[in-house]
Every structure is written in structure tokens, then in C-alpha cells.
There are 2 protein chains.
Amino acid sequence: MSNAGARRKAPTIHDVAREAGVSRGTVSRVLNGGHYVSPAAREAVDAAIKSTGYVVNRHARSLITGRSDSVGFLLTEPQERFFEDPNFNVLLRGCTQALAAYDIPLLLMLAGTQDERRRITRYITAGHVDGVLLVSSHSGDPVAEELRAAGVPLVACGKPIGQASKVSYVAADDRDGARDMVRFLHQSGRRRIATVTGPLDTPGGVDRLAGYREVLAELGITPDERLIEHGDYSRAGGEAAAERLLAAAPDLDAVFVASDLMAQGVLSALHKAGRRVPEDVAIGGFDDSPAALASSPELTTIRQPWDRIANEMVRVLLAQIGGEDPSAVILPTELIERRST
Amino acid sequence: MSNAGARRKAPTIHDVAREAGVSRGTVSRVLNGGHYVSPAAREAVDAAIKSTGYVVNRHARSLITGRSDSVGFLLTEPQERFFEDPNFNVLLRGCTQALAAYDIPLLLMLAGTQDERRRITRYITAGHVDGVLLVSSHSGDPVAEELRAAGVPLVACGKPIGQASKVSYVAADDRDGARDMVRFLHQSGRRRIATVTGPLDTPGGVDRLAGYREVLAELGITPDERLIEHGDYSRAGGEAAAERLLAAAPDLDAVFVASDLMAQGVLSALHKAGRRVPEDVAIGGFDDSPAALASSPELTTIRQPWDRIANEMVRVLLAQIGGEDPSAVILPTELIERRST
DNA sequence: CATGTCTCTGTGAGCGTTCACAGTAGAGAA
DNA sequence: TTCTCTACTGTGAACGCTCACAGAGACATG
């Protein structure tokens, strides 16, 4: 209360000390946990804080401690792509909550343009946050490299493709998710299982294809390259890939598609070709994105554990802020069965 | 470059000064615009900055200047509500861009829960941002009041209903938008124009109804309270209101609905009642939200100038940070004609 | 009694900047 | 010459806080 709305200069720790009849040191101790403070002193300080309306000046504190007690959540790509995605919202909320347990506020930073990236990088390296949770799908992200070089604790969401060794990341187990799906398709009686991969310069593209190959090998099925086509994670790319598949291997009876969005394209290609899903061809997607539910039939797909990913990202970041070395965490995925298989 | 990734202590202005063979003061001057610095000194400093990898410590700077050169964008409600809305994305991007012109980074802060609000309020009042752009639809938002009391420059998006006088805001002209729509309905030959209002404890609810009433008065149409029903901005609320309207005034030939979402409800009520849109009844919405395009038929609606709102919010905020008094800005709306009229 | 230990308190130093001020050198005017 | 003015430079003092340290009591232990 008091002095509300005034432009008057804010009360300092000094004012509180005077008001409480103690020294700066004692006030500071109360502020930082209250160890080694007598009950009487603590009460006096608490009262003085209330009566003066004191709020710590975090700049002064940060200047000396070197910490800012806040964490950034950095998006290095256009916001819309993410904001529309419910999975992203789960991730963001999960991180916020995980940090809340430590009373650390999370700052969302958007750096969609080159110019923004420059500004935000400067802001971060100047020490405004203790660490950064990075979300970006482009793997060779220069921002990550720059922050890493500046010594900023950093945890990426998803496996970065470049200098993987030096930057922490938390990711779902793409390879194992792919294995689960292909195994599932096989178990439901499919024998000519094709796949539409993601771009092979993304971790998801590579690992999901690897999982596919592994399971076929396990099952003793002779690899058939006609059953493999590449997409670009887009709907149209999926459709085109499916058309190529149908031409090269018209006897396919299942397709494992590396993203739900591409799976939508595959569905429409199959529909045009007069194949029924799932009767003639089973479709397995990946991501459990909104596209999975919006499709008809609804897609069987692989869900990534976004809530756990969020928790792990925060855990790893805080560990790194605490001085530990970068580390990687891989989390298991879950197969969601719907109508397309 | 140099010392990449090291935990080594960062170079200070002192190190740069030594390296460049000048004093702290000169380095500081170069950093802050370079006035009163000889070309030779400036070059030496620039070189030293590069060779040492120096980055200003913003905590130290902020401590003395009292400014943080950053601005917060505060959401005091659950993120999802906004993230899904393209209008919100336009607003956010607009603010980011407007601030970019001043090289000010924008920090998005989410405070959906009570706990988060506490944390973020503390963070803000501690001086971490120079001002706050506030987005919240609940009008009696305690956060706004608290920040205002703490003397934090603040600009709300949309007219706050409570202590309006003391807090700046930028809003679209609800009343005038409503007038335009009702006038438009009248000009297209409708004579029994009903309305579904928003809640009357929101500015939108009040002002849009006021606009409706004004135009009818202008046109010399006798007010008929049977043509007015209240909704709650939800789809279901709109549907219920439309049912009441149809019962009370079955001869209506147009409805001005205070939000697109409610208009969707109205559409479905009319559909159930066997009325054709726009043949039998014309529908005018408000907001130009995604609902307007997702409806069938697509809604004629009132668009708010989100890009201009963003620019004005930033302008007003910066003015306030610069010491000016709070002010209000009202911007004109635009009528978007589609198939529902 | 001396000594040690534990809890509590105050004090000085310093974090990395900016700011105000004092001062220097050179150019031009009186 | 001498003075003023301008362009530039260096220096000490903050800013508000935390940290390390020293010291004061209280109490127990040898």
C-alpha cells in the first residue's frame, strides 16, 4: 500500500532496515530464506516490508549473484506454426508448471525474424535469463549454436542434428515409436507395409525410417525399396508420395507415415485411387496432432509424451544452470489406436 | 569468438577499456550512441569489443538507469483461448514489430493461474520490464490494478470497465462498429432487426448494444424490447438467445449478434427453426474471428483493426514510460461483407 | 577459567554500469 | 598573447543489493 501509483523512488533495503531497526544484512537474510535470523528481527522486517511496500530490485540482486532467477522459452520460428498446435500448448504449460515448483517465472520469447533473433540473442547473452528452453524444428539453428558458444545453459526440444554432442536435448523416442507402429501394423495382419518418411535431414525423418527398417529386418521381411517414399511433412508431400507408392507397389496393404499431416495426404491419395481405409490399406501416422482427429477415418498414430518432455526439459536445464554437463533424454512414445488401422 | 562455451567470467567494460587503451567512460559512450567520441577511440573500442567478445551486462546498466529496455506482453488468462485466435497472433506480431523499431525486445508472460499471476506481478514490479501491454478480457482484472498501483506503465487492450480513468487502453470502436452493422442491415432492406448482446458487464456488451439502440433511434424505429436478448459470448448462449428471440418476435428478419461465436449459435437455432440465412433472416456478427469463416454461410461481421491496435498500444506505452499521462485511444472498425446478409 | 560452538547481527567491499564533473588540447576570436 | 569555445577524455561516485567476515552474546565443554 502507501505511495500508490507514485513515481516516487522505490523503497530500498536500506529503508526497510531503518524502519525495522535492523541492518541491511538482516533484511537481506530475511529476504533470502531467513536463516540465522531471530524471530523478533524477522517479524520486524516483515512488518517493515509491508509498511514500506518494498519489492526487491532484481537488477541489483542479479548484478551481484549473477543469476536472474528466470528462464526463457525461445521460439526461433514464426509463432503461428506453434500456437495452433495443442501439443505445443501442452509443452508450454508443462514447462511453466515445472518451473513454478521452483518459483521461477518463464518468459516466452519469439524470434521469428532474423532481426528478432539478433535482438533476443543479445538480450539473453546479456544475462537476462539463466537458461533457455529452445523450440525449433530447423535443426541447424544458428541461435542454438550462438547461445551455446556464449555459455548460456540450453535445452532443446527434439534432437538437434548438427553439433548434437554439446547441446542438451529432450526428445521422444522416434525410432522406437516407429518400431511400435510397424510392429502393430504387422500384428494386425498386414504384410506389404510401405512407409512415407520425413525429410532425411531431420532427426524425425531419419529415426522413424530407421525404426521401420529395423522391425522389417527383425521380422525377416526382405526389404523392398519400392515401399519407401520420402515426404516433406506437408499434406501435399504426403499425397504425392502415396501416389508414387501406389504406382511402384500397388499391392501395399499398409503405410506407416512419418507425420499425421502427411498421413492426411496419403488418405486422400488412397481415396482417389479407390482404396478403402482401413479395409484395403491401414494407415499409421505420427505425432497425434490435431490432423489425426480431423482425418476421416481418425488416424492411429504415435503420441509423444509432451508433459513428460516439458518436465524433463526443465529438470535438465536447471541441472545445467547448477553446473552440470549437458545431457540428452529420450522418452518413450505411446501408440494411439483409432480407426485407420 | 574466443573462450567459447567457457564458464569463465565474462569480460567487463573495464577489460574492453584496457584492451582499447581508453577509459571506462569512453567505452560507455561508444556503447551509448558514440557522441563525443573521436573516430580513433571509437574504432579502438569497437575492435576491443570484438576481440574480447564483450556483451553489456544489462543488470548493471539497469541498476543505474532504472530502465530495462524491454517490455512485457502479459496474458492473464489461459493461453489456449488466445493462441488459437488469429487475431491475437496479429496483435502479438504487431506489437513485436512496433517495438522492434526501438530495438526493444518483447517478453510474453503467461499468467493463467493465481499462482502464476503472483509470480509474474512480483517479477514485473521488481523492475524487469519498463512497461506492460496487457491482454485480458475480464475487466475487473486485479493484476492491472496492482501494476497500476505499483506505478508500472500499463496499456490495456480493450476498454477496462472498472477504474478506467487511470489506466491507458487502446480499443476498437465497439459502438461505432455496431452502428455500422445495424445501419447496413437496415440498408439491405431489413426492418425487424433483433440483437443478441454480450454480457452487460463487459464493455463490448454495453457499447455494441448502445450502437444498436442509437441507429434504431436515428432511423425513427420504435424500440422493441422483444428484439433484444442477452448472450454470454458462447456458442450455446447465442443459440439459446436466438430461440428466445424467435419465440418472442417470430417476425424478425435480421439479427445483429455481438460476437461471431454467438452468431454460430444463432445460425444453428435458425436452421433448426427452418429459417434460411440470408434469405429469411440476415445475420451480422462481430470480431471477424475464425468462427466467421467457419460458419455456413460465412458471416458478415465487424473487423477490429488489430494491426493498428498493436501500433497504438506500443505508442501509448512508450509515451507513458517516457513520463506522459495515461490516455485512451479508440480506433475505427471495418465491416466485412460475406454471405450471411 | 579458558575455550569452543552455535546463533545471530552489523559492516565494508564490490558486482558492472552510467552519470556528472573536471580537465585537456586545439581552434578560433579578441 | 589570452580568452573562450568546442570536442573529447578520464575519474569518482553512485545504483541497490549480496557476500564474506568479524564480532557479540549465550551456552556448553574441557
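Proteins come first, then strands; the chains are lettered A, B, ... in the order of their sequence lines, and each starts at number 1. In what follows, every heavy atom counts, from backbone to side chain, and hydrogens, waters and symmetry copies are set aside.
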task: Would you tell me if any nitrogen or oxygen in the side chain of Ser38(A) comes within less than 4.0 Å of OP1 or OP2 on dT9(C)?
output: yes
To the nearest Å, how far apart are [X] [atom1] and [N] [atom2]?
X: Asn32(A); N: dG16(D); atom1: CG; atom2: P; value: 18 Å
X: Tyr36(A); N: dA22(D); atom1: OH; atom2: P; value: 16 Å
X: Leu63(A); N: dT18(D); atom1: CG; atom2: P; value: 11 Å
X: His14(B); N: dT18(C); atom1: NE2; atom2: C1'; value: 13 Å
X: Arg67(A); N: dC15(C); atom1: CZ; atom2: C1'; value: 13 Å
X: His59(A); N: dG16(D); atom1: NE2; atom2: P; value: 11 Å
X: Arg58(B); N: dC15(D); atom1: CZ; atom2: C1'; value: 17 Å
X: Asp15(A); N: dC15(D); atom1: CG; atom2: C1'; value: 13 Å

message: Nearest to the side chain of Ala41(B), heavy atoms from C-beta on, is which of dG16(D), dT9(D), dT18(D)?
response: dT9(D)
task: Select one nucleotide: of dG16(D), dG16(C), dG14(C), the one nearest the side-chain heavy atoms of Thr12(B).
output: dG16(C)
Give a yes or no answer on whether the side chain of [X] reaches the backbone of [Y] with a donor-acceptor pair at less than 3.5 Å.
X: Ser70(A); Y: Val129(A); result: no
X: Thr125(A); Y: Thr121(A); result: yes
X: Ser62(A); Y: Arg67(A); result: yes

- request: Assess the side chains of Thr96(A) and Glu116(B): does a donor N or O sit below 3.5 Å from an acceptor N or O?
  value: no
Distance-only side-chain donor-acceptor flag, Asp15(B) / Thr52(B), under 3.5 Å: no
query: In residues 20-29 of chain B, which residues come under 4.0 Å of DNA chain C by heavy atom?
result: Arg24(B), Ser28(B)
- line: Whichever of Pro39(B) and Thr65(A) has the more 5' nearest nucleotide on DNA chain D, that residue is Pro39(B)
Test: Asp103(B) and Arg122(A) ion pair at under 4.0 Å: yes
- prompt: Thinking salt bridges, do Asp115(A) and Arg119(A) make one under a 4.0 Å N-O criterion?
  reply: yes
query: What is the ring orientation for His59(A) with His128(B), classed by angle as parallel under 30°, tilted 30 to 60°, or perpendicular over 60°?
result: tilted
- prompt: Leu74(B) pairs by side-chain contact (heavy atoms from CB on, under 4.5 Å) with which of Leu133(B), Ile124(B), Val135(B), Leu107(B)?
  reply: Ile124(B)
message: Between the opening five pairs and the closing five pairs of the helix from dC1(C)-dG30(D) to dA30(C)-dT1(D), how far apart are the helix axes, to 10°?
response: 60°
